[in-house]
Number of protein chains: 2
Amino acid sequence: MIISTRGRYALRVMMDLAENSSGDYIAMKKIAERQGLPLKYLERILPVLTQNRIVEGIQGKGGGYRLTRRPEEYPVGEILRLTEGDLAPVTCLECGAEPCEKRAECRTLPMWNKLHGIINAYLDSVTIADLIAGNI
Amino acid sequence: MIISTRGRYALRVMMDLAENSSGDYIAMKKIAERQGLPLKYLERILPVLTQNRIVEGIQGKGGGYRLTRRPEEYPVGEILRLTEGDLAPVTCLECGAEPCEKRAECRTLPMWNKLHGIINAYLDSVTIADLIAGNI
DNA sequence: ATAATACCGACCTGAATGGTAGGTTGAAAT
DNA sequence: ATTTCAACCTACCATTCAGGTCGGTATTAT
């Protein structure tokens, strides 16, 4: 399994924000209720999205979250890379990984590299708008 | 990360068996030494390969393992599915998973399905012989 | 008999998942 | 000013999984 609940919940939140965008900020409590997800857990997932300007978060009464782009401008891959970390198929390809000493002669690495590329290319070809429209 | 050491080690073993096939059975101890992998751990990984006739294992002195097909007849995907379980990107798609009650209306499922297909198609297009030949 | 080998089950450690609990900060409504 | 609602933050916790290790048993050639 690659994609944990963190990434899946983040996608659900993004879709909810996209579908209920009236210009107002939307409280996470509303989204949690609508989507049937644990509020406290969502609160732990969302900071990375606000820090990366994926969504805009406003505190205080009447606050909440709002998209910063149009739904068709959010590739699914971008959301997943932020919430899940790299979508690397093997640890060797992860960003922070200490380089494997067999890297130079490794004969499986090209395969993992290509797989990594294929996965990212596909996930970046789908947008939040596509998910909503059922355009898969 | 999708692929753990189980699957990666299994591939290394298969490549080693393919490259050192003289018709004789090859002791796992030899492979562990050559590849620098923990023998005891390999012994825990291999039974699933023998049970599925991927390799043939013979006990006793002079025993060991031997491929049952030619290297070009082993798709990487087959080895990985046996050692890693499904290569499903989300738990919802795993074989033994209890069906999600939102499955019918889930709008991300088609994307996961397609991704799953893409991953399997690629990994099944590469064979052990390709890995050895650097044919990626 | 002995040595070498696959095979098998129990155990162990550390990290990650999937949360929960409780509080702090900030802004708007009263 | 006070209250209320919201994001934000830190610590904790239970369960599962990764990546092994350990010790032994069954089987076969010499």
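Naming: A, B, ... by sequence-line order, numbering from 1 per chain.
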Ion pair B:Lys30/B:Glu33, N-O distance below 4.0 Å
no

Once hydrogens and angles are ignored, does a donor-acceptor distance under 3.5 Å link the base of D:dC8 to the side chain of A:Gln59?
no

Atom CD of B:Glu33 and atom C1' of C:dA4: how far apart are they, to the nearest Å?
13 Å

Flag yes if B:Ile132 and B:Leu67 sit in one hydrophobic cluster, no otherwise; membership is Ile, Leu, Val, Met, Phe, Trp, Tyr, and two members link when side-chain heavy atoms are under 4.5 Å apart.
yes

Rounded distance in Å - CG (A:Leu42) to P (C:dT20):
10 Å

Please figure out whether B:Glu84 or B:Pro38 has its closest DNA chain D nucleotide nearer the 5' end.
B:Glu84

Between CG of B:Leu46 and P of C:dC7 the distance, given in whole Å, is 8 Å

So A:Tyr65 and A:Ile31, do their side chains get closer than 4.5 Å, heavy atoms only?
no

Mark yes or no for a side-chain to base donor-acceptor pair under 3.5 Å between B:Lys40 and D:dG23, with no hydrogen or angle criteria applied.
yes

What's the closest nucleotide to the A:Tyr41 side chain, out of C:dT5, C:dG19, D:dT21?
C:dG19

Out of curiosity, A:Arg81 CZ to A:Asp86 CG, how far, rounded to the nearest 0.5 Å?
9.0 Å

Just checking A:Ile58: base, sugar-phosphate only, or nothing, at a heavy-atom cut-off of under 4.0 Å?
sugar-phosphate

Spacing of B:Arg8 atom CZ relative to D:dG20 atom P, expressed in whole Å:
10 Å

Lys/Arg N to Asp/Glu carboxylate O, B:Arg34 vs B:Glu19, below 4.0 Å:
no

Rounded to whole Å, please give me the gap between CD in B:Glu43 and P in D:dG19.
18 Å

Taking any heavy-atom pair under 4.0 Å as a contact, classify B:Leu39: base, sugar-phosphate, or nothing.
nothing

Starting from C1' on C:dT25, measure out to NZ on A:Lys61 and report it in whole angstrom.
17 Å

Roughly, in whole Å, what's the span from CD1 in B:Ile45 to P in D:dA18?
11 Å

Ignoring the backbone of B:Ala27, work out which of D:dT28, D:dG20, C:dT5 is nearest its side chain.
C:dT5

Base, sugar-phosphate or nothing for A:Tyr65? Non-hydrogen atoms, less than 4.0 Å.
sugar-phosphate

Any idea which of C:dG19, C:dC7, D:dC9 is nearest the B:Thr50 side chain?
C:dC7

Can you see if the side chain of A:Tyr9 gets near the phosphate of C:dG19 - specifically, an N or O under 4.0 Å from OP1 or OP2?
yes

Would you indicate, yes or no, if D:dA18 has its OP1 or OP2 atom less than 4.0 angstrom from a side-chain nitrogen or oxygen of B:Ser4?
no

For the pair made of NZ in B:Lys30 and C1' in C:dA4, what is the distance, rounded to whole Å?
12 Å

Could you tell me whether A:Gly62 contacts a base, only the sugar-phosphate backbone, or nothing, with contacts defined as non-hydrogen atoms closer than 4.0 Å?
nothing

Could a donor-acceptor pair under 3.5 angstrom be found where the side chain of A:Arg44 meets the base of C:dG19?
yes

Remember a base hit wins even if backbone is also touched, and classify B:Gly60 as base, sugar-phosphate or nothing at under 4.0 Å, heavy atoms.
base

Carboxylate-amine/guanidinium proximity below 4.0 Å for B:Glu43 and B:Lys40
yes

